[in-house]
Amino acid sequence: MSTNEISTPSNFIKKIIDEDIAKSTFGGRVHTRFPPEPNGYLHIGHAKSICLNFGLAQGYGGLCNLRFDDTNPTTEEAEYVKAMKEDIRWLGFDWQDREFYTSDYFDQLYEFAMQLIKEGKAYVDSLSPEEIKEHRGPWNEPGKGSPYRNRSVEENLQLFERMRAGEFKDGTQTLRAKIDMTSSNMNLRDPILYRIIHAKHYRTGNRWCIYPTYDFAHGQSDSIEGITHSICTLEFEDHRPLYDWFLDALKIHHSKQIEFARFNLNYTVMSKRKLIELVEGGHVSGWNDPRMPTLTGMRRRGYTPEAIRNLCEKTGVSKVNSVIDAAMLEDCVREDLNKRAPRVLAVLNPLRVVIENYPESEVEYIDAINNPEDPSAGTRKVPFSRVLYIERDDFMEDPPPKFYRLAPGREVRLRYAYFIKCVGVTKDKKTGEIVELRCTYDPETRGGQAPDGRKVNATIHWVSADHAVEAEVRLYDRLFLKEDPTDVPEGVDWKANINPNSLVTLNSCQVEPSLAGAEPGSRYQFERLGYFCVDSVDSSPGKLVFNRTVSLRDQWAKVLKAEKWRTA
RNA sequence: UGGGGUGUGGUGCAAUGGUAGCACACCGGCCUUUGGAGCCGAGAAUGGAGGUUCGAAUCCUCCCGCCCCAGCCA
């Protein structure tokens, strides 16, 4: 698999692995793991870790385990396990039969704890949480040892057994490692190994009332599974000495912890607390709202796993805190969809057009290319008739110089069909709103070419009024107006940065008839507009609902924006 | 304040003593039956100050900035 390796960019983790392979540190093995805590939904930040861990294993011909790190019964649920598995599979990764749970190791971890007690390396502390905090001290002063620090092995064994038996209340006793209360690394000031939590665990039920902490569980779980490279995020850097301490003290397989920088994206939030706030505050429709950075939301939005994987690959791996530009994500999505999304004609804001010189009852079927990037996608027939809909934005009564679409007296091409010329504008007498355009077509231009060689400046999309299918279209945009949504003045809620136009729903869009039976989740390019997918929740054969995944790049929008600046 | 980590164009990542490169973004042009796609081009960076060296993003010294750690969360 090292051929795969050469094609993808190098990074510091690969260098470490290369060295380990060269020195045969782990017998040349590469075995990673993705260890989520099942207490929420996976988001794009997790995707980075998933791609890294599974990708590394793939690239080196190794293995990657899926391990649910479920040591805290108060926050974890089976529902999350299910959702996470679905998301990881959707992303394109397979853990085969290697689906593990830290809770499966509770017995073994308990044995490890006993071993440490017997060796005088752990003790039961009867200090209260407040007292423990106080003894630990601030980071510029050494901490003080607990008065219970030197209990005998016998007493500790007995107490620990009583902890497990449920004889104590939550928070009254802990098992701590005896390391160094004066360490400048707070993690080594006698870290807690076990705490008492009388709560039902979603997998082990009421079998346990003491639960290992992350520090005591993670490294040992890696060890049990024979993990070679345990990749985690930067904030665990200070925990590495502890990670190493446990494995050394227990004299068991020692995997290597490597830390990398978390993946951050601008114009969104990633912290669980904030995501919950968005959901519970009704600012989005749920965890799978297409504007959410969750994998379930992105899937519903129409993003492809390939695009997300490509983004993770392209953004590299380092130890510097960084923020990826949402434009990068959008570029990856467009790059992928451009190659594979079939093109269709859809009118979002319909403006009725009557072709005055086109026969009343005639219908012809015009060939349209399904995907110019992929000739094998073939062609389809699109009905054309006397009354059409075009995009309201494609007509201006009094166009500025750089607008080269339809205007009174002007000729444009209807995609794949004819040249039409605007010969009249019908307005609502009261409101003055344009309700209809009167046009003529040139029969000689069928297919879009004029025999006399005359050119038009624009090609616009259209649908036949009688044949079009009505649809709802949800135009999604970035959820926040600011790159950093949490950047608010003192006292202002970060949610004030929510983009009020992040969702615009259009109800009477007209799409070409071939879309009538479109499958939920299927993706299309609406020509000249963007990429859209059939909503997997609300769309039905009787009522099509499309989500805008991402718009097409839009030069005209840039011109408008530039004009706005100039006139502002 | 103690400890750990980290600084390369606007953003993200390369370059481990030898011409600072790639992608995204931005700007200009070409092409175009999608103002899409594609193609071409421009601008733009080594946190700072010293030092070692023929030569420093890279090695040394000092300084500065940013991030993480005082949960019985992970």
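Convention: sequence-line order gives letters A, B, ...; per-chain numbering from 1. Remember, predicted model here, so these are calculated numbers, not experimental data.
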Nearest-nucleotide wise, let me know which of Ile132(A) and Thr445(A) is further upstream toward the 5' end of RNA chain B.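 Nearest nucleotide further toward 5': that of Thr445(A).
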
Asp325(A) vs Leu414(A), nearer the 5' end of RNA chain B by closest nucleotide: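 Final value for this comparison: Asp325(A).
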
Indicate yes or no: at least one non-hydrogen side-chain atom of Glu364(A) is less than 4.5 angstrom from one of Pro383(A).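 Glu364(A) does not reach Pro383(A) side chain to side chain.
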
From [atom1] of [X] over to [atom2] of [N], roughly how many Å is that when rounded to an integer?
X	N	atom1	atom2	value
Lys14(A)	rC13(B)	NZ	P	15 Å
Leu175(A)	rC72(B)	CG	P	13 Å
Lys15(A)	rA15(B)	NZ	P	4 Å
Glu335(A)	rC24(B)	CD	P	8 Å

Could you tell me which nucleotide pairs with rU61(B) by Watson-Crick or G-U wobble geometry, both distances under 3.5 Å, or answer none if nothing does?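 Across all strands, the one nucleotide that pairs with rU61(B) is rA49(B).
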
Any chance CZ of Arg149(A) has more than 12 other-residue heavy atoms, nucleotides or ligands included, within less than 6.0 Å?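 Result for CZ/Arg149(A): enclosed.
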
When rounded to the nearest Å, what value does the distance between C1' atoms of rU8(B) and rA20(B) take?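 8 Å, rounded to whole Å.
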
Quote, to the nearest angstrom, the C1' distance that separates rA44(B) from rC22(B).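 Looking at atom C1' only, rA44(B) and rC22(B) are 15 Å apart.
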
What does Gln525(A) touch in the nucleic acid at a heavy-atom separation under 4.0 angstrom: a base, only the sugar-phosphate, or nothing?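 Base contact - Gln525(A) has a heavy atom under 4.0 Å of at least one base atom.
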
Mind checking Val317(A) for me? I need base, sugar-phosphate or nothing, with any heavy atom below 4.0 Å counting as a touch.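 Sugar-phosphate only.
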
rG35(B) OP1/OP2 closer than 4.0 Å to side-chain N/O of Lys558(A):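 Answer no for this pair, as no side-chain N or O of Lys558(A) is under 4.0 Å from OP1 or OP2.
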
Would Trp139(A) count as stacked on rG2(B) if the rule is ring centres under 5.5 Å and plane angle under 30°?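 Yes, aromatic ring over the base.
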
Are Phe216(A) and Phe246(A) close enough that their ring centres sit under 6.0 Å apart?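 Judged by ring-centre distance (under 6.0 Å), Phe216(A) and Phe246(A) do meet the cut-off.
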
